[in-house]
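These notes are about the structure you will find just below.
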Amino acid sequence: MDFKTPMFELIKDASTNLPRDVIDIMEEMRAKEEADSNAKSVLGTILDNVDLAKVEQLPICQDTGMIFLDIYYPSGFSTLMMRKEINEAIKEATQANFLRPNAVDVVTGKNTGDNIGNGSPSIYFNEWEKDYFEIRLMLKGGGSENVGIQYKLPDSTLKAGRDLDGVKRCVLEGVFKAQGLGCAPGILGIGIGGDRGGSYYLSKKQLFRKVKDASPDKELAVLEKDILESANKLGIGPMGFGGLTTLLGVKIGTYHRHPATFFVTITYLCWAGRRKIMTLRQDGGYDID
Amino acid sequence: MTLINLTLPIAEGDIKKLKVGDNVSLTGVMVTARDVAHKYIMEHFIKEEPQGKDKELFDLLYKHLHDGIIYHCGPVVKEDNGKYTFLAAGPTTSIREEPYQTDVIKYFGLRGVIGKGGMGDKTLQGLMDHKAVYLHAIGGAAALIGKSVKEVLGVERLDFGMPEAFWIIRVEDFQCVVTMDSHGNSLHKDMIERSKGELDKLLAQ
């Protein structure tokens, strides 16, 4: 089946068309920011940019990121085939300027020019029992990736114990450290538990949730709301210029942990939260949300 | 909100008048430079006398950068038969250039750098010593900023890769905010102090 065409459309849509729920929350927050404030003006510029990018099909942000894909596929399909077609779609999307070439050899410093390299794109394949594909794509810039951080509890400097209060303490410090550097206002994906690598994957996966949804776990839902409200009291604001809107959302997921470890991993998604989910059926039909 | 219109190259006197919080609109020629370019300037121009092809590059850059501006940006650029157009060109995080910036400002006689996220104490001191400002563009507003880039006059060291090359561009009404001025003020420093106070209150609970 043709994987390449829908993949190209998914990349194009993610690069140029910001998800509606992210736009809605920024409009809501702009209305709440003080009149004549930098915060209100920055959010206004951001929303104008989002409109322009959609109308003219331009990348919302020039940093189209390290390409992250979390793929769910029916039994019987080859991940080698999918990877090949995905790479072809990425090369075409780079040619068409929906992606900036972002894969740089660590030793030689050479940019491959087409976004294909060792570990690039970053793909997680998951076989599932359903008969269709779900392809989750995130284009996340390097600036926001750089402010991600992993804590291990306990952390005595933060008086953070191995419990949910400890999680809140280190996350708030993480947001403080990020200031405006990750292009605030951001959305936090938080992974608790797992091994170090798994905790990062878990934190990134949370960012595919809608910005206003709540965790199905009651205690985590309370914690998400509490961290969001507390972090917005820091006053960092859009771009770090000050204001009420430091974060747009907080999403928490958990893995079981080893008795000796307690990782809290934060992935910071900039306001340009270019994440899209494509449902692809075996007859080739697809929807992008 | 009043907008201060400035045309490049900028006189020292105009820079000294700028204060943190001022909204600025820039028109004229500027040059993009980020991580690889800053390291290159440091190693090939500042640490040793540029020779041959490096001397030609230096002369070209000096022409645009003396009393001029470096833009921390890795753009998406469309190429059509050798003609370049900026499609998306928001700022990149400036703090990565902290080790180089003051030397680069001094070396070229820059009047400013544009980026996002602000810079540290070393650059703040450099801005005071050499009369320059740090201008903050809106991170991620790349399509909009791309529209203010009217013409690509040239590109140097494209072998660094599209994001890292020196792009020489003519801009009109490029809008940004002064967040570090030539008098030692930094919005970023203030914000860190203020938010640290709030963090301490939250952690005391």
Identify the residues of residues 68-83 of chain B whose heavy atoms come closer than 4.5 Å to a heavy atom of chain A, ordered by number, or report 'none'.
B/Gly74, B/Pro75, B/Val76, B/Val77, B/Lys78
If you tally heavy-atom pairs under 4.5 Å against chain A, which of B/Gly146, B/Ser94, B/Gly117, B/Gly90 wins?
B/Gly90
Got A/Gln179 and B/Ile192 here, is their nearest side-chain heavy-atom distance under 4.5 Å?
yes
So which part of A/Asn49 gets closer than 4.5 Å to some heavy atom of chain B, the side chain, the backbone, both or neither?
both
Side-chain heavy-atom pair A/Gln62, B/Leu87 within 4.5 angstrom cut-off
no
Pick one of side chain, backbone, both or neither for A/Asn97, based on which atoms fall under 4.5 Å of a heavy atom in chain B.
both
Decide yes or no for B/Ile138 and A/Ile46: does some side-chain heavy atom of the first lie under 4.5 Å from some side-chain heavy atom of the second?
yes
Contact list (residues 126-136 of chain B to chain A, heavy-atom gap under 4.5 Å, by number) returns B/His136
Measure distances from B/Lys147 to the heavy atoms of chain A and classify the residue's part below 4.5 Å as side chain, backbone, both or neither.
side chain
Nearest 0.5 angstrom please: A/Leu58 CG to B/Leu144 CG, how far?
10.5 Å
Taking a cut-off of under 4.5 angstrom between non-hydrogen atoms, the residues of residues 176-187 of chain B near chain A are B/Val177, B/Thr179, B/Leu187
To the nearest 0.5 Å, tell me how far B/Met191 CE sits from A/Phe176 CZ.
10.0 Å
Tell me, for A/Ser41 versus chain B, whether the close heavy atoms (under 4.5 Å) come from the side chain, the backbone, both or neither.
side chain
Choice from B/Gly21, B/Gly161, B/Gly139, B/Ala89 maximising heavy atom contacts with chain A below 4.5 Å:
B/Gly139
Region of A/Glu173 in contact with chain B, defined by heavy-atom distances below 4.5 Å
both
Does any backbone or side-chain atom of B/Thr93 lie under 4.5 Å from a heavy atom of chain A? Answer side chain, backbone, both or neither.
side chain
So which part of B/Ala141 gets closer than 4.5 Å to some heavy atom of chain A, the side chain, the backbone, both or neither?
both
Which bit of A/Asn146 comes within less than 4.5 Å of chain B, counting heavy atoms only: side chain, backbone, both or neither?
side chain
Quick one: which residues of residues 35-64 of chain B reach chain A at under 4.5 angstrom, heavy atoms only?
none
